[in-house]
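Below, each value reflects all heavy atoms present in this structure, side chains not excepted, and no hydrogens, waters or symmetry copies.
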Amino acid sequence: MMGRIQALLLALVLGGLGYGLWTLYSLSPLRVTPEQAQQELLQTQPVGSVTATSGMALSAGSATPVKTVTAPVNLQPVAQSQEVSDDAPYIPPISAATPAPAYQGDLSDHQAYLAHQSARSTQMKQAYIAAVDKKVERLEALLEKGIRHNLPPQQLQEARDKIQGLRAMQTQLHRELAQ
């Protein structure tokens, strides 16, 4: 019985290895520019032999001073940059997810739970209304960029429709909150 199980496991392992080798063999060759090859060569050169210097101690005066690197002053976070450059991709601002506050009341109190759900719905609508202005500003900048680059009219119209849809939803949510 043990021989059959071992044979089955060996067949599975060899099959997996065969599939892995086939996958690697069927991949297209890796294209490396001379600059990339030189950079990789510089990164992989050994620093020095550890055994040659392990018996010697350095005095405090012979150590080279550490260079401090300061960041340029004119850098802005991505979220604050309002202009759309021609070559930079859009990177959305990333922040930690904030979990919705859990209901703290008595679950048997239906009216209190409905009030909690209503408050969460109101908060969500207010957050959407606040976010629309920034999103529309970004879309309008992209629309202007598209016009400059002579994009097809269908794509430009799609951007206009998105802007119009965002504004319409913002207006509808304003009306719902006013009620």
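- Contacts of Pro153 classified as side-chain contact (heavy atoms from CB on, under 4.5 Å), with partners at least two apart in sequence or in another chain: none.
- Heavy atoms of other residues, nucleotides or ligands lying less than 6.0 angstrom from CD of Gln172 number more than 12.
- In this structure, Thr171 OG1 and Leu166 CG are separated by 10.5 Å, a value rounded to the nearest 0.5 Å.
- Counting heavy atoms from C-beta outward, Met169 and Val132 have side chains that stay 4.5 Å or more apart.
- At distances below 3.5 Å, at least one donor-acceptor pair connects side-chain atoms of Gln170 with backbone N or O atoms of Ile129.
- Every residue meeting the salt bridge (charged side-chain N to carboxylate O under 4.0 Å, His left out) condition with Lys162, not counting sequence neighbours, appears here in chain and number order: Glu158.
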Extract all donor-acceptor atom pairs below 3.5 Å that involve side chains of residues 108-127 and protein atoms in other chains or at least two apart in sequence.
from, atom 1, to, atom 2, distance (Å)
Ser108, OG, Asp106, OD1, 3.2
Ser108, OG, Asp106, OD2, 2.6
Thr122, OG1, Ser118, O, 2.9
Lys125, NZ, Glu176, OE1, 2.8

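- Every residue meeting the side-chain contact (heavy atoms from CB on, under 4.5 Å) condition with Leu156, not counting sequence neighbours, appears here in chain and number order: Leu143, Ile147, Leu151, Arg160.
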For salt bridge (Lys or Arg N to Asp or Glu O under 4.0 Å), just list the numbers for Asp133 and Arg167, CA-CA rounded to whole Å, side-chain angles, deciding distance to a tenth of an Å, and then say yes or no. CA-CA 9 Å; Asp133 293 328; Arg167 291 284 186 205; 3.0 Å; yes

